[in-house]
Amino acid sequence: EGQLVESGGGLVQPGGSLRLSCAASGFEFDKYDMNWVRQAPGKESEWVSGIDRRAETYYTDSVKGRFTISRDNAKNTLYLQMNNLRPEDTGVYHCAGRRSIGTLVAGKDQALYHYWGQGTQVTVSA
């Protein structure tokens, strides 16, 4: 059975950087579009970024210019490089995979995805 395992979260000061990783196993990673979704305390989940199987990238407006999503199909791994972090970036970051249909289908709801990771905590605070 397929699995996604995130890592790389932690506590960082505002303006700092973190790199999240998501290791995939048990499914054909290169046939899946991959996404990052975050859940902040007391707030609805928010779709953050996605990358399709052709490596076309997509971002929510609040992270454009600060976050970079990438994938390494040889390593079955998804990444999210986060720079210039802000307190409002705090939350649990989940990676999520959906089998590609040729155009990215993404959103904040877990039900959209075929695979969903447990998440890694990111806390941005002074």
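We number each residue from 1, following the sequence as shown.
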Joint cluster assignment, Val122 & Leu80, ILVMFWY side-chain distance < 4.5 Å: yes
Check: Trp36 ring centroid to His94 ring centroid under 6.0 Å: no
Plane angle bin for Phe27 and Tyr115 - parallel if under 30°, tilted between 30 and 60°, otherwise perpendicular: parallel
Tyr32-Val105 co-clustered via ILVMFWY side chain contacts under 4.5 Å: no
Student check: side-chain heavy atoms of Ser17 and Asn83 closer than 4.5 Å: yes
Separation between CE of Met34 and OH of Tyr79, rounded to the nearest 0.5 Å: 12.0 Å
Worked check of side chain to side chain contact (heavy atoms under 4.5 Å, CB included) between Thr60 and Trp47: CA-CA 7 Å; Thr60 194; Trp47 174 82; 4.2 Å; yes
Polar side-chain atom of Ser49 near backbone of Tyr58 as donor-acceptor pair, under 3.5 Å: yes
Approximate separation, where rounding is to 0.5 Å, of Met82 CE and Ile69 CD1: 11.5 Å
Cationic N near anionic O, under 4.0 Å, Asp89 to Arg66: yes
Short side-chain to backbone donor-acceptor contact, Ser125 and Thr123, under 3.5 Å: no
Heavy-atom closest pair, residues Phe29 and Ala24: CD1-CB, 3.5 Å
Side-chain heavy-atom pair Leu18, Leu85 within 4.5 angstrom cut-off: yes
Nearest-0.5 Å distance that lies between atom CG in Asn35 and atom CG in Leu104: 5.0 Å
Validation row, ring centre Tyr59 to ring centre Phe67 under 6.0 Å: no
Connected via hydrophobic side-chain network under 4.5 Å: Val92 and Trp116: no
Spatial distance of atom CZ (Arg98) from atom CG (Asp52) [nearest 0.5 Å]: 13.5 Å
Arg38 and Tyr93: side chain donor to acceptor below 3.5 Å: yes
Side chain proximity check, Arg53 to Asp33, heavy atoms < 4.5 angstrom: yes
Side chain Glu6, main chain Cys95, donor-acceptor under 3.5 Å: yes
Distance-only donor-acceptor check, side chains Arg71 and Asn73, under 3.5 Å: yes
Least distance between heavy atoms, Ser45 atom then Val37 atom: CB-CG1, 4.1 Å
Distance, nearest 0.5 Å, that separates CG of Asn76 from OG of Ser25: 8.0 Å
Candidate pair Glu46 and Ser62, rule side chain to side chain contact (heavy atoms under 4.5 Å, CB included), full reasoning: CA-CA 11 Å; Glu46 177 186 25; Ser62 64; 3.9 Å; yes
Other residues, nucleotides, ligands: >12 heavy atoms within 6.0 Å of Gln118 CD: no
Residues Thr77 and Asp72: side-chain donor-acceptor under 3.5 angstrom: no
Separation of Thr90 OG1 from Lys43 NZ (nearest 0.5 Å): 9.0 Å
Any side-chain heavy-atom pair of Leu78 and Ile51 under 4.5 Å: yes
